[in-house]
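Below is one structure, written out as structure tokens; the observations come after it.
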Amino acid sequence: MSKKVRLRFAPSPTGGLHLGGVRTVLYNYLFARQHGGEFILRIEDTDQTRLVPGAEEYIIDCLKWCGLEPDEGPHKGGPFGPYRQSERKALGIYEKYARQLVQAGHAYFAFDTPEEIEQMREKFKTPENPSPQYGHALRHRMRNSLHLPEEETLRLLDAGTPYTIRIKVDPSQQVSFTDMIRGQVTFSTDGIDDKVLLKADGMPTYHLAVVVDDHLMEISHAFRGEEWLPSAPVHILLWRYLFGEDKMPHWAHLPLILRPDGNGKLSKRDGDRLGFPVFAMNWTDPKTGEAATGFRERGFLPEAFVNLLAMLGWNDGTNQEIFTMAELIQKFSMDRVHKGGAKFDFEKAKWFNHEWLKQLPATAYSPLVKALFDQQGIPTEVPGAIADEATAKETTADEAADEAAAESAAMESLPIILPGIDNIGIPILGAVPILSDEPAAPPFTHFEKVLELVKDRCTLLPDFVPNAGFFFQRPASIDLAAVQPKWTPAKQLFFVELIRQWQLQPSWGDAHTLEAGFKEMAAAAAIKPGDLLLPLRIMLVGGKFGPHVFDIAALLSRQETIDRVRHTLGLLSESKS
RNA sequence: GCCGCGUUGGUCAAUCGGUUAAGACGCCUCCCUUUCACGGAGGAAUGAGGGGUUCGACUCCCCUACGCGGUACCA
């Protein structure tokens, strides 16, 4: 009788959490939140043979990463626990209802062994009916309490003969319900078999468990994948016999997520074959040792992952494609969910991440990028910054030092970043709304300023390594071939003079100042700035890529910039002779 | 085989009987940029087929085709 909106996600802990699974969670979650309801995690571990250790924790971790945290669940508890069906079975919950059904004549004991059932299928198989069902047409030929003499049933039961309890489905009836996405769906009971409700090991099958638990947990809406549609009539019958059809939750069967090429449900295999993740997070099967990469490890932001999943089968009717979780909660609606499945497009998925990377301030993901850098052994502090900012006086002394020494000294002298010096270059970052009504964003660290500068050209998190790595580590190789052909003594001289100028100026300027000074000098030397810009870029980053060259120099620090120019100048004169 | 669900460009998709059938991704061209991106402007590309209903169908109905899902003591 509860009017409270309550939804559940009910996975079985058998492996990695699939894209489609996360989307099912998402739609459940959005609907629950939008209606001020609750979202429940229930673990359907009724098949003991398929249990995979660690899978439950993994699922919970995935939900957490996605920001789709349940209000109740095995890890959190709640007033409707336990939330694991194996534990509920131990309480005798399912058996009670199964027996109630037998009492009422809606179910019966079946003593057939799996082998006997197999024989039956073999025996009655015809080209027209390749898989005969255990149902109204055939059950009279089987060993069950419907057709065995009562004393024989009692004897078997008494002797402890293994049995299952099956639902008795009467033929020639119409069963229909209203699906929130598809409208009215009708089935005839003729094609429905007598599904097993309680297995020989005492565990319920999904069919019994889902109905009983949805009732006991007062679930108001049940969203699940389309693959469940064919078993809906069994569930409806169970509701009718057990709790009343009018108490049934509102159902919705979500369209499938299809593989990008050809047709069919997206599987982990497709991901491996086509080179993209299918699971939310890394998953290694403890039995086979088989590993699969997840969206998280591939470098997706959870915001982007959720966003792209939301759009795979739903839209708000406008052209908006980028949604925050708050917007999704506000705007999501089941009547705009599609009926048809959607092919997964990894290119579009990457686009979503790119958009999020660009729109979010680097502070939102800099720890993730830093972890990536740490992993690669790339420092995340700027070489030479302290020496440079401290004073300009020692610059000439440094000239004597050879490259290697200068480099390692610079690295070592920088154990920490001084917060004070980080605010200096901020005007470059036009994208940051420094003046707004919102509480002031914390100032960017030097590392974050670098990320802000390069994020436009990063699609996935690991892209920051090649795009920002050179700020902290000298280029492993210098593309000399790009400058050598047009290299002249005049240019050599220019750069020598440039270094001198830089050393002389009282402080290291921002990008604009540096550019102005550079152009002035170029004019004085009568060289087109364009002929000098590329060489400077190569000197600083090693190749023909990266943000504006003076933005790089400004963030690189004076000392490091000079060292890099000098280093390449050396290489150039070496190879000249 | 049977049952159910589905079908608008290569992909995601808008349209809820009347539009030159939006928009996005990807692709191509150009502009911006003394690199690479970002950004901007264009371009190619779509209603599975056949019948109806209607003054008028992408839209409603039927048939066919195709695809998918199910047809387990798996979920």
Side-chain angles (χ1 to χ4, degrees), chain A residues 10-14 44-47 49-50 110 112-114 117-118 121 125-135 162-166 179 181-182 185-188 190-193 195-207 209-210 224-233 253 255-256 258 260-265 308 311-322 335-336 338-352 354-355 358 431 454-459 467 482 528-534 536-538 541 543-549:
Chain A
S12 65
T14 53
E44 309 233 340
D45 55 350
T46 53
D47 186 353
T49 63
R50 297 207 315 157
D112 320 87
T113 64
I117 296 173
E118 189 45 47
R121 292 219 168 90
K125 192 161 74 176
T126 63
E128 296 75 39
N129 184 5
S131 53
Q133 296 180 318
Y134 194 134
Y163 65 88
T164 62
I165 292 181
R166 286 180 178 265
D179 186 282
I181 296 173
R182 290 153 215 281
V185 183
T186 305
F187 299 83
S188 160
D190 289 342
I192 301 170
D193 59 341
K195 291 272 182 233
V196 169
L197 265 20
L198 205 68
K199 303 187 244 185
D201 65 359
M203 278 286 188
T205 58
Y206 173 82
H207 306 295
V210 72
R224 55 177 11 174
E226 190 185 343
E227 67 267 28
W228 288 111
L229 199 46
S231 52
H253 292 86
L256 266 18
L258 277 12
D261 60 334
N263 288 297
K265 213 158 70 162
L308 74 91
M311 302 309 288
L312 223 46
W314 173 86
N315 68 79
D316 76 341
T318 72
N319 283 334
Q320 183 176 351
E321 290 190 277
I322 303 298
D335 21 281
R336 293 200 63 88
H338 288 197
K339 294 182 176 74
K343 291 184 182 180
F344 179 67
D345 180 3
F346 190 54
E347 291 306 315
K348 183 88 186 220
K350 287 194 289 189
W351 175 81
F352 275 104
H354 191 25
E355 290 302 306
K358 283 188 294 182
V454 304
K455 68 182 188 181
D456 278 357
R457 58 208 84 203
C458 298
T459 300
N467 281 298
K528 280 185 289 184
D531 293 342
L532 264 8
L533 247 21
L534 186 66
L536 179 56
R537 168 177 300 281
I538 302 290
V541 316
K544 288 189 267 190
F545 63 95
H548 286 288
V549 71

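A note on names: the letters A, B, ... follow the listed sequences, proteins ahead of strands, and every chain is numbered from 1.
Nucleic acid contact for A/His253: none, since no nucleic acid atom lies under 4.0 Å from a heavy atom of the residue. Within 4.0 Å of A/Glu128, counting heavy atoms only, lies at least one base atom of the nucleic acid. At a threshold of 4.0 angstrom between heavy atoms, the contacts of A/Asp47 are confined to the sugar-phosphate backbone, with no base atom among them. Residue contacts shown for A/Lys528 are absent, as no nucleic acid heavy atom lies under 4.0 Å away. Among the protein residues, A/Gly546 comes within range of the nucleic acid bases, having at least one heavy atom under 4.0 Å from a base atom. At the heavy-atom level, A/Pro260 lies nowhere under 4.0 Å from the strands shown. Within the nucleic acid shown, A/Arg224 has no heavy atom closer than 4.0 Å to any nucleic acid atom. Contacts of A/Ser231 with the nucleic acid, taken as non-hydrogen atoms under 4.0 Å apart, are absent. Within the 4.0 angstrom heavy-atom criterion, only backbone atoms of the sugar-phosphate kind lie near A/Gly313; the bases stay farther away. Contact annotation for A/Pro127: backbone-only contact, meaning every heavy-atom pair under 4.0 Å involves sugar-phosphate atoms and none involves a base. Residue-level contact check: A/Arg182 touches the backbone only, with heavy atoms under 4.0 Å from sugar-phosphate atoms and none from bases. Within 4.0 Å of A/Asp531, counting heavy atoms only, lies no atom of the nucleic acid at all. Contacts of A/Gly191 with the nucleic acid, taken as non-hydrogen atoms under 4.0 Å apart, are absent. Across all strands, A/Thr164 comes closer than 4.0 Å to base atoms (heavy-atom distances).
The nucleotide whose nearest atom lies closest to any side-chain atom of A/Val185 is, among B/A72, B/G4, B/C12, B/G4. Closest approach to the A/Ile117 side chain among B/A75, B/C73, B/G26 is made by B/C73 (side chain taken as heavy atoms from C-beta onward). In the set B/G69, B/U71, B/A75, B/A75 carries the atom at the smallest distance from any side-chain atom of A/Thr46. Taking every side-chain heavy atom of A/Val196 into account, B/C73 is the closest of B/C73, B/G70, B/A24. Taking the side chain of A/Tyr206 as heavy atoms from C-beta on, and the options B/A75, B/G69, B/C5, the nearest nucleotide is B/A75. Among the nucleotides B/A14, B/C73, B/C74, the one closest to any side-chain atom of A/Ala200 is B/C73. Nearest to the side-chain atoms of A/Ser12 among the listed nucleotides B/U35, B/A75, B/U34 stands B/A75. Taking only side-chain atoms of A/Asn315, from C-beta outward, the nucleotide of B/C38, B/U35, B/A14 with the closest atom is B/A14.
Atom NZ in A/Lys348 sits 13.5 Å away from atom NE2 in A/His354 (nearest 0.5 Å). Here the straight-line distance linking atom CD of A/Glu118 with atom OG1 of A/Thr113 works out to 10.0 Å at 0.5 Å rounding. If you take OG1 on A/Thr164 and CG on A/Asp201, they are separated by 11.0 Å, rounding to the nearest 0.5 Å. Between atom OG1 of residue A/Thr14 and atom CG of residue A/Asp47 there is a gap of 9.0 Å, rounded to the nearest 0.5 Å.
Of the nucleotides present, none pairs with B/C74 by Watson-Crick or G-U wobble criteria with both distances under 3.5 Å. Across every strand in view, B/U19 sits unpaired, with no contact that passes the Watson-Crick or G-U test at under 3.5 angstrom. Shown here, B/A57 forms no base pair; nothing in the strands shown gives a Watson-Crick or G-U wobble contact with both key distances under 3.5 Å. Summarising the base pairing, B/C68 is matched to B/G4 through a Watson-Crick or G-U wobble pair whose two defining distances lie under 3.5 Å. The partner of B/C27 is B/G43, by the rule that a Watson-Crick or G-U pair needs both atom distances under 3.5 Å.
An OP1 or OP2 oxygen of B/C16 is reached within less than 4.0 angstrom by no side-chain nitrogen or oxygen of A/Arg336. Taking only side-chain nitrogens and oxygens, A/His338 comes nearer than 4.0 Å to OP1 or OP2 of B/A14. Using a 4.0 Å cut-off, some side-chain N or O of A/Lys343 falls inside it from OP1 or OP2 of B/U11. Side-chain nitrogen and oxygen atoms of A/Lys358 include at least one within less than 4.0 Å of the OP1 or OP2 phosphate oxygen of B/G39. A close approach under 4.0 Å does not occur between any side-chain nitrogen or oxygen of A/Arg50 and OP1 or OP2 of B/A75. Taking 4.0 angstrom as the limit, A/Lys199 places a side-chain polar atom (N or O) nearer than this to OP1 or OP2 of B/C74.
Between the side chain of A/Lys195 and the base of B/A72, no donor-acceptor pair under 3.5 Å is found.
Counting to the nearest Å, the C1' atom of B/C27 and the CG atom of A/Asp345 are 12 Å from each other. Between the CH2 atom of A/Trp314 and the C1' atom of B/A14 there is a distance of 13 Å, given to the nearest Å. As rounded to whole Å, 17 Å separates atom P of B/C12 from atom NZ of A/Lys339. Separating the CG atom of A/Asp316 from the P atom of B/C16 is a distance of 15 Å, rounded to the nearest angstrom.
B/U11 and B/C3 have their C1' atoms separated by 31 Å, given to the nearest Å.
The shortest heavy-atom contact between A/His253 and A/Gly225 is CD2-O, 3.7 Å. Taking each heavy atom of A/His207 and A/Ser231 in turn, the nearest pair found is CE1-CB, 3.6 Å.
If you find the closest nucleotide of RNA chain B to A/Tyr163 and to A/Ser188, the one lying nearer the 5' end belongs to A/Ser188. Each of A/Tyr134 and A/Ile181 was matched to the nucleotide of RNA chain B holding its nearest heavy atom; the match closer to the 5' end belongs to A/Ile181.
The pair A/Arg182-A/Glu226 meets the salt-bridge criterion, with a side-chain N (NZ, NE, NH1 or NH2) lying under 4.0 Å from an Asp/Glu carboxylate O.
The number of heavy-atom neighbours closer than 6.0 Å to NZ of A/Lys358, taken from other residues, nucleotides and ligands shown, is above 12.
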